[in-house]
Amino acid sequence: MESIEYLWKDRKRHLGLPLSFTRYRLSEDRLFCETGFFNIKSDEVLLYRVRDLQLNMSLGQRIFGVGTVCVVSSDKSIPHLDLKNVKNPREVKELIHQNVEAAKNKRRMRTTELVGAEGGEDDYHDIADLDDEELD
């Protein structure tokens, strides 16, 4: 079994200190979130499925030099993953963005935007995710 090479690692921070059992890791093709001490829950999002990134920094977070990077994906099990209270959040968001684009380019994926979907909201789909009937 190959070991995974991580491009970035951090923990959820409290008062700017990594005193938490929530760990975040980024590889070239996946984003991992592991929580727990006795019972560990491990989630991952494939980077090519990431739809949008958002950065939130409250006043308290800015004082301690942390922020929350919100990852929105087309992953069915984890459509929204918040990387809470990570150090250098702007750099983390940019690093994730660069690797998302690289992962999509590697798979030669295009993203289409369907305007005026049934729910009244814009709906985003990866061409690879659509069924044949949706493409007609």
Side-chain angles (χ1 to χ4, degrees):
M1 183 172 124
E2 290 180 29
S3 78
I4 299 171
E5 185 177 325
Y6 296 110
L7 306 172
W8 169 79
K9 299 179 200 177
D10 201 359
R11 290 180 181 259
K12 179 178 174 185
R13 294 169 179 267
H14 297 283
L15 301 176
L17 300 172
L19 305 173
S20 172
F21 296 111
T22 300
R23 292 169 294 288
Y24 306 116
R25 294 183 181 101
L26 175 69
S27 73
E28 70 177 23
D29 63 344
R30 291 177 285 176
L31 181 61
F32 301 89
C33 176
E34 194 173 89
T35 57
F37 181 70
F38 291 113
N39 299 315
I40 295 175
K41 178 184 175 197
S42 185
D43 290 316
E44 66 182 64
V45 174
L46 295 167
L47 292 182
Y48 77 88
R49 291 193 171 273
V50 172
R51 300 260 190 237
D52 193 26
L53 295 170
Q54 183 179 0
L55 175 62
N56 295 322
M57 294 174 61
S58 68
L59 176 60
Q61 286 177 314
R62 289 192 337 248
I63 289 170
F64 290 106
V66 298
T68 299
V69 178
C70 305
V71 180
V72 179
S73 75
S74 62
D75 191 292
K76 301 283 188 233
S77 61
I78 315 166
H80 193 106
L81 175 64
D82 286 340
L83 309 178
K84 296 180 182 175
N85 296 335
V86 294
K87 191 174 179 183
N88 302 318
R90 286 185 179 92
E91 290 84 356
V92 170
K93 180 181 174 246
E94 184 59 29
L95 182 62
I96 294 170
H97 170 72
Q98 290 170 358
N99 284 281
V100 164
E101 293 303 315
K104 287 182 179 185
N105 288 338
K106 189 175 183 181
R107 290 180 158 264
R108 296 185 176 144
M109 292 184 63
R110 289 184 322 163
T111 302
T112 62
E113 185 174 330
L114 302 174
V115 180
E118 292 175 12
E121 299 176 1
D122 294 344
D123 197 10
Y124 299 92
H125 292 282
D126 287 332
I127 294 293
D129 290 345
L130 294 176
D131 294 332
D132 291 334
E133 63 190 48
E134 292 181 45
L135 290 172
D136 292 334

Which distance, rounded to the nearest 0.5 Å, do you find between the [atom1] of [X] and the [atom2] of [Y]?
X    : Y   : atom1 : atom2 : answer
K12  : L83 : NZ    : CG    : 11.5 Å
R107 : Y48 : CZ    : OH    : 4.0 Å
R11  : L17 : CZ    : CG    : 12.5 Å
D75  : L47 : CG    : CG    : 11.0 Å
R51  : L53 : CZ    : CG    : 12.5 Å
F64  : L59 : CZ    : CG    : 10.0 Å

How close do [X] and [Y] get, heavy atom to heavy atom, and via which atoms?
X   : Y   : result
R23 : G36 : NH2-O, 3.6 Å
P89 : G65 : CD-O, 4.2 Å
K76 : P79 : O-CD, 3.8 Å
M57 : G67 : CG-CA, 3.9 Å
Q61 : N85 : NE2-OD1, 2.7 Å

I want to check something: taking the side chain as every heavy atom from C-beta on, are D43 and L81 in contact at a cut-off of under 4.5 Å?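 Side-chain contact under 4.5 Å: no.
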Side chain to side chain, E34 and F32, heavy atoms closer than 4.5 Å: no
Could you check whether any side-chain N or O of [X] sits under 3.5 Å from a backbone N or O of [Y], counting only pairs where one atom can act as donor and the other as acceptor?
X    : Y   : answer
K104 : V50 : yes
S73  : I78 : yes
N56  : C70 : no

Examine [X] and [Y] and state if one hydrophobic cluster contains both, with Ile, Leu, Val, Met, Phe, Trp and Tyr joined whenever side-chain heavy atoms are less than 4.5 Å apart.
X   : Y    : value
V69 : V72  : no
L95 : V100 : yes
V45 : V86  : yes
I63 : L15  : yes

E91 CD: over 12 foreign heavy atoms closer than 6.0 Å: yes
May I have the step-by-step check of side-chain contact (heavy atoms from CB on, under 4.5 Å) for T68 and L55, ending in yes or no? CA-CA 6 Å; T68 299; L55 175 62; over 6 Å; no
Run the side-chain contact (heavy atoms from CB on, under 4.5 Å) test on E94 and R90 for me, step by step, so that the C-alpha distance in whole Å, both residues' side-chain angles and the decisive distance to 0.1 Å come before the verdict. CA-CA 6 Å; E94 184 59 29; R90 286 185 179 92; over 6 Å; no
Is there a side-chain contact (heavy atoms from CB on, under 4.5 Å) between R25 and I4? Walk through the geometry before answering. CA-CA 10 Å; R25 294 183 181 101; I4 299 171; over 6 Å; no
Candidate pair V92 and Y24, rule side-chain contact (heavy atoms from CB on, under 4.5 Å), full reasoning: CA-CA 11 Å; V92 170; Y24 306 116; over 6 Å; no
